[in-house]
Amino acid sequence: MIRTHQAGSLRTADIGTTVTLTGWVARRRDHGGVAFVDLRDASGVVQVVIRDEEVARPLRSEFCLRIVGEVAARPAGNANPQLATGDVEVISSVVEVLSEAAPLPFPVEEHASAGVGEELRLKYRYLDLRRPDMARNLRLRASVTRIIRDVMAAHDFLDIETPYLTRSTPEGARDFLVPVRLQPGSWYALPQSPQLFKQLLMIAGFERYFQIARCFRDEDFRADRQPEFSQLDIEMSFCEQSDVQQIIEELLVRLWKDLVGYDIPVPIRRLTYAESMRRFGIDRPDLRFGCELVDFTDYFAETPFRVFRKPSDSDPDRAFHVGAVVMPGGAAQPRKVLDAWQDWARSRGARGLAYVLVGAGGELAGPVAKNLSGTERAGLAAHAGAVAGDCIFFAAGDRSEALNLLAAARVEVGERRGLIDHDAWEFVWVTDAPMFEAVEGPHGGRGWTAIHHPFTAPADDVAADFHERPGEALSKAYDIVLNGSEIGGGSIRIHRSEMQQRVFDVIGLSREEAASQFGFLLDAFAYGPPPHGGIALGIDRLCALMAGAESIRDVIAFPKTASGSDPLTGAPSPITASQRAEAGIDAVAQPPG
RNA sequence: GGCCCCGUAGCGCAGUUGGUUAGCGCGUCGCCCUGUCACGGCGAAGGCCGCGGGUUCGAGUCCCGUCGGGGUCGCCA
């Protein structure tokens, strides 16, 4: 006698044996004095024949059963050669109802998995997770973390936990805060990432650290953003960028080979940030299709068309840009559709999206064309790389805003024209991002902020004059991008106090502020920190992409809705006055000393 | 915080220029059929049309507000 709890794993080789199965009733049907129960567990479904109708009749969907029976081949002469529930069935001798089930709030069968409201699914998440596709997602996720631990262990990385109750730092995203009963008026913050702790671990001499860490950020939601999320956090000492990339590539190759059945070509291609922005207008390019952007800034330098000319009153520090993206076959779009593109652009905060249609004979049409000079019209299609029948979309203005619009237009073109191969896996490293970007200062002046984070090392630390011209300084940062989604990012870190101090100077963080917020890290840098660097991979996004899920909610067991609530538990919820008092929420912290 | 879409039976949806008794499929319940597998047949129950105002002789339908869900821009070092 064999015992098994894996209904779906029964095979023809098991015929003749007696098994014990546990699971849920997926379907029950009566035919010819025989009752059939499709019994489902997390591994799949098997059909059980119950000869006692008195036993079978009360069974309803989602009753939890234990069944003892003999595995049998299916009888010949079945009208349907495509067996729905496996190659074998079980003839029951004992059927025990372990627990009954109320009528379901929504269908649990796989074929009905689409189309149920998300809120309802989350309220009954334990039923939602019984659905085979959701169960598959969570099993996939478990496989991902298992392989991560395998690969990390094979390379002697230590799994070290860091605090979830830690110090609030004003940099970056909004913190989730936790009141502290023992020190009324003082608060912990939940970590946005283990960044500072993993750097301290490097100083402590653990040369290779990893952790699958939960991170918390109190920002608005997206389909790929939750307030708490998981990342694979890695840090290494005495390493270069290529060392980190090599580990990640080995990991990604293993994951995709074992779980997707795809061989990722290595080394994964590299793009510099500058090249990515130039060709795709974005630092996370989708390389599954072409339609690369074309720079028209110089082409239109002397244009009579005002929209494409740099305004005389424009900020001299902000680069002016005219760029284009070609929509193959786009000239056939009716006026109504072209107008809809304007609405689309305006919904993204742009003034509009200029376009020129290339006619069958190469002649240009559309409202923009007549504003251009004869010379400009003559060379336009060739410069854009457009042919007869194409539509050329233009964006003009502040360079970062124009590129932003063009990048979105490029993806939109790819989707509308069906240019994106949805079975493709296009990985790319994007490297050499700028250290800083200009921001409005607190009093209206010009300031700088770190693009990656303020512990990222400058690309050339020999010259190391980044503080002289912050806008031109590049960093040793590297992001890993898959199909237009950023799935991870990291950098080589600064390991010398003097350089760290200069970064703080550039971003306008005073010595007092730096000491107050990061003093413990700066102190640690006084004790011989090794050169180090690392990376973090977003596990939720990674799993969502692997599973083909549209939202990371589909690879998280108990996610939250867009307003941050959990319909299952009712969290977040008000607390009582006594809880509030005991937590010391309303107390004012006494300054030390 | 801005913008867009959606809220009709347990679930998924339809509901015409505002018109009389709000429909369909699945599910549920009852009966029948019986090696079926998204079985089939007959029948029944099941509705504050998210909520609150307004316009109108009349509102599921139009307007305003609000709540909830989803998407997106800002935001996410």
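Keep in mind the model is a prediction, meaning the values are calculated, not measured. Note that these values count all heavy atoms, side chains included, but never hydrogens, waters or copies made by symmetry. Chain letters run A, B, ... following the sequence lines, proteins first and then strands; every chain starts at 1.
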**Q.** Atom-pair distance (CZ on A:F36; C1' on B:C33), nearest Å
**A.** 14 Å
**Q.** For atom CZ of A:R131 and atom P of B:C11, their distance in whole Å
**A.**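 Going from A:R131 (CZ) to B:C11 (P), I get 13 Å.
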Q | Any-strand Watson-Crick or G-U partner of B:C37, both distances under 3.5 Å | A | none
(Q) Let's test this: given Watson-Crick or G-U wobble pairing with both distances under 3.5 Å, identify the partner of B:G7. (A)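 For B:G7, the partner nucleotide comes out as B:C67, under the 3.5 Å rule.
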Looking only at side-chain N and O atoms, does [X] come under 4.0 Å of OP1 or OP2 in [N]?
X	N	value
A:S551	B:G70	no
A:R346	B:C4	no
A:T449	B:A77	no
A:R217	B:C75	no
A:R348	B:C73	yes
A:S347	B:G71	no
A:R60	B:C29	yes

Exceeds 12 heavy-atom contacts within 6.0 angstrom, atom [atom1] of [X]:
X	atom1	result
A:R351	CZ	no
A:Y188	OH	no
A:R284	CZ	no

Inter-nucleotide [atom1] distance ([N], [M]), Å rounded:
N	M	atom1	result
B:G25	B:G70	C1'	24 Å
B:C24	B:G43	P	12 Å
B:C62	B:G68	P	23 Å

Q. Can you find a donor-acceptor N/O pair under 3.5 angstrom joining the side chain of A:E89 to the base of B:G35?
A. yes
Q) Looking at B:G74, does its base get a donor-acceptor pair with the side chain of A:R222 below 3.5 Å? A)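 Such a pair exists between side chain and base.
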Q: Report the residues that fulfil salt bridge (Lys or Arg N to Asp or Glu O under 4.0 Å) with A:E54, sequence neighbours left out, ordered by chain and then residue number.
A: none
(Q) If you assign each of A:I91 and A:R553 to its closest nucleotide in RNA chain B, which residue comes earlier from the 5' end? (A) A:I91
Q) Is a side-chain donor or acceptor of A:Q211 paired with a backbone partner of A:T162 at a separation under 3.5 angstrom? A)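 Yes; at least one donor-acceptor contact below 3.5 Å.
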Q: Would you mind telling me which of B:G69, B:C75, B:A77 lies closest to the side-chain atoms of A:R225?
A: B:C75
